[in-house]
Amino acid sequence: MTLSPYLLAIDQGTTSSRAIVFDRLGKNCITSQKELSQIYPADGWVEHDPEEIWQTTLAVCRESLSAIEQSPVAIGITNQRETIVLWERATGRTLHNAIVWQDRRTAKRCEGLRNNGHEPFIKQKTGLLLDPYFSATKISWLLDNVEGARIRAQAGELAVGTIDSFLLWRLTGGKVHATDATNASRTLLFNIHSQQWDPELLSLFDIPESLLPDIRDCADDYGYTDTDLLGSAIPICGIAGDQQAALLGQACIQPGMVKSTYGTGCFAIVNTGPAVLSSQNRLLTTVAYRVSGQTTYALEGSIFVAGAAIQWLRDGLGIIQSAHESEELAGALTSNRGVYMVPAFTGLGAPYWDPQARGALFGLTRDTGINDLVRSALESVCYQTVDLLKAMTNDHVPEISTLRIDGGMAKNSWQMQFLADILNIPVQRPTTTETTALGAASLAALQVGIIGSLDELADRWQEDARFEPAMNDVERQTLLRRWQRAVKSTRTFSENR
Ligand code: ADP
């Protein structure tokens with residue numbers, strides 16, 4: 001009897017480390033998860049303890065593998081992107097906490113570079129914006145602030161990496177220092193055209209190349225796990241950053257296919273095929289995936305407040321007990337009764353990029369109640385999605401025909417119907433909610449030959465629900481016009497705060 005092959009996906013996220021075992025058909029069999037501590041050493045600084053990242057990752061892998069009676073055939077890794085770890089090559093000892101993507105400590109450095117006119121050149125090479133969010137200035141900060149780091153880096157004694165690279169180093173017992181093209185494309189050091197570390201960028205950020213990992217395809221040979229760790233030497237065969245992995249987990253492998261993840265915030269990413277589109281709307285150009293040496297690109301944008309608007313109603317105002325309840329409360333009304341929420345609690349993202357903006361509610365009457373506020377919060381996430389997809393369309397992405405959704409909010413069927421109505425395109429929800437982990441497992445499956453090509457992902461992707469647009473044009477245009485007016489008024493109010 002031959003046993004069915006299993007694949008292990010490691011999903012190392014911002015708030016937790018998870019391990020998920022999939023069977024050969026991509027069905028999720030076992031999930032194990034451990035929370036991760038958030039460290040805030042100063043205003044705007046966010047760190048993780050790299051040993052905790054490693055220990056929780058190892059623990060969840062062991063826990064999930066203990067439930068199957070055989071070794072997995074391969075491992076795929078997906079991870080929080082941009083976060084940086086610095087360690088000693090000889091011992092694997094880390095020299096500082098990981099600096100997390102959200103960390104703003106290098107804002108002044110970025111401002112200085114921008115004032116010196118470096119942004120257009122950086123954007124042209126990397127597809128990104130000059131922002132502390134990305135890894136380069138975090139690495140520079142570590143070299144400048146960890147005692148002796150710069151001299152030791154120049155002597156080749158140190159290694160740096162995003163979380164995939166750090167985990168790979170630890171999993172292989174220090175044998176492999178590598179990363180994949182999607183993670184590399186979030187560092188501000190990677191030239192998305194040449195697909196290599198860029199010497200001019202390395203010099204601008206003053207980072208020696210000897211610090212950095214090798215860059216490989218997303219489906220590639222990344223070495224074997226040290227036998228002492230998981231009971232046997234398991235090949236590591238796939239790596240991708242979390243949003244890119246989710247794009248694959250949603251089988252968005254044709255140009256124009258979009259996945260949108262609705263968690264606390266929302267991340268939307270559209271496959272643009274082999275084309276490197278340069279955004280005029282401050283969207284990011286990034287590597288979607290690189291397989292067999294062929295790069296597929298994407299445009300990415302984010303909405304700062306999605307599920308967070310519902311969290312605010314629940315935890316801030318205390319007017320609902322659970323996020324789940326929002327579906328029934330919104331659906332009990334036949335219209336929004338003229339109430340609009342602009343949840344610009346931390347500014348507005350693409351296409352507005354207005355950090356000054358702060359939230360507002362419009363159209364309140366004596367009759368306005370909890371249902372209206374809930375509905376306006378859910379609708380606001382959908383209107384913001386329209387704005388984001390419009391920005392993508394203005395950047396000449398291939399025609400967007402459907403939207404594939406995931407994340408906590410995707411469970412809300414009332415909201416997803418409204419999303420389809422207001423976008424005027426179908427919205428598809430998959431049966432598997434673990435799209436990110438599935439993407440990582442799929443890359444490993446491709447490398448070991450369980451699947452022959454990425455096209456097979458499309459055959460395996462299964463729909464749980466499809467929401468067809470059913471709103472008439474006049475109503476949609478009216479709602480969108482009022483939303484636009486609400487955004488404009490919010491921004492006017494917030495000017496020169
Ligand atoms: P994250 O990964 O950012 O922690 P999740 O994908 O777990 O987020 O989604 C959680 C978010 O989804 C929360 O902000 C919550 O308010 C929202 N949410 C969860 N269930 C629903 C629902 N049924 N309707 C609307 N929002 C929901």
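Note that ligands are numbered from 1 as they come in the structure, with each ligand's atoms numbered from 1 the same way. No experiment lies behind these values; they were computed from the predicted model shown.
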Q.
One pair to check against side-chain contact (heavy atoms from CB on, under 4.5 Å): Tyr352 and Asp387. What are the steps and the verdict?
A. CA-CA 9 Å; Tyr352 306 104; Asp387 293 341; 2.6 Å; yes
Q | Side-chain (Glu300) to main-chain (Gln243) donor-acceptor, under 3.5 angstrom | A | no
Q) Can you check whether Phe134 and Phe190 have ring centres sitting under 6.0 Å from each other? A) no
Q: Kindly confirm or rule out an N or O of Leu378 lying under 3.5 angstrom from an N or O of ligand 1.
A: no
Q) Nearest to atom 26 (N) of ligand 1, what protein heavy atom do you find, and at what distance? A) Met409 CG, 3.3 Å
Q: Provide, to 0.1 Å, the distance between atom 14 (O) of ligand 1 and the closest protein heavy atom, together with that atom's residue and name.
A: Gln311 NE2, 2.6 Å
Q | Where ligand 1 meets Ala308 - atom numbers and elements under 4.0 angstrom, heavy-atom basis | A | 14 (O)
Q. Checking Arg404 against Trp461: charged group under 6.0 Å from the ring centre and within 45 degrees of the axis?
A. yes
Q) So which protein heavy atom does atom 16 (O) of ligand 1 come closest to, and at what separation? A) Gly307 O, 3.1 Å
Q: Tell me which protein heavy atom sits closest to atom 2 (O) of ligand 1, plus the residue, atom name and distance to 0.1 Å.
A: Gly263 CA, 4.7 Å
Q: For Gly407, take its heavy atoms, then give the atoms of ligand 1 lying under 4.0 Å from any of them.
A: 6 (O)
Q: Give the contacting part of Ala323 toward ligand 1: side chain, backbone, both or neither, where contact means a heavy-atom distance below 4.0 Å.
A: both
(Q) I'd like the name of whichever of Glu328, His324, Glu325, Glu327 reaches closest to atom 23 (N) of ligand 1 through any heavy atom. (A) His324
Q: Between Gly408, Ala309, Cys266, flag the one that comes closest to atom 5 (P) of ligand 1 by a heavy atom.
A: Gly408
**Q.** Tyr340 ring center within less than 6.0 Å of Trp483 ring center
**A.** no
Q: Establish, yes or no, whether a centroid distance under 6.0 Å links the rings of Tyr40 and Trp45.
A: no
Q. Short check: is a protein heavy atom less than 4.0 Å from atom 7 (O) of ligand 1?
A. no
Q: Could you tell me whether some N/O pair between Thr264 and ligand 1 is separated by less than 3.5 angstrom?
A: yes
(Q) Side chain, backbone, both or neither: which applies to Ala306 and ligand 1 if a contact is any heavy-atom pair less than 4.0 Å apart? (A) neither
Q: May I ask you to identify the nearest protein heavy atom to atom 24 (N) of ligand 1, giving residue, atom name and distance to one decimal place in Å?
A: Asn412 ND2, 3.1 Å
(Q) Do Arg109 and Trp141 form a cation-pi contact, if we require the NZ or CZ to be under 6.0 Å from the six-membered ring centre and within 45 degrees of the ring's axis? (A) no
Q) For Ile310 and ligand 1, does the shortest N/O to N/O distance drop below 3.5 Å? A) no
Q: Taking atom types as modelled, find out whether Asp406 and Gln250 have a side-chain donor-acceptor pair closer than 3.5 angstrom.
A: yes
**Q.** salt_bridge(Lys411, Glu327) N-O dist < 4.0 Å
**A.** no
Q: Dump the intermediate steps for side-chain hydrogen bond (donor to acceptor under 3.5 Å, both in side chains) on Thr436 and Asp242, then the final yes or no.
A: CA-CA 6 Å; Thr436 310; Asp242 52 9; over 6 Å; no
Q. Can you tell which of Ser16, Ala377, Ser326 gets a heavy atom nearest to atom 25 (C) of ligand 1?
A. Ser326
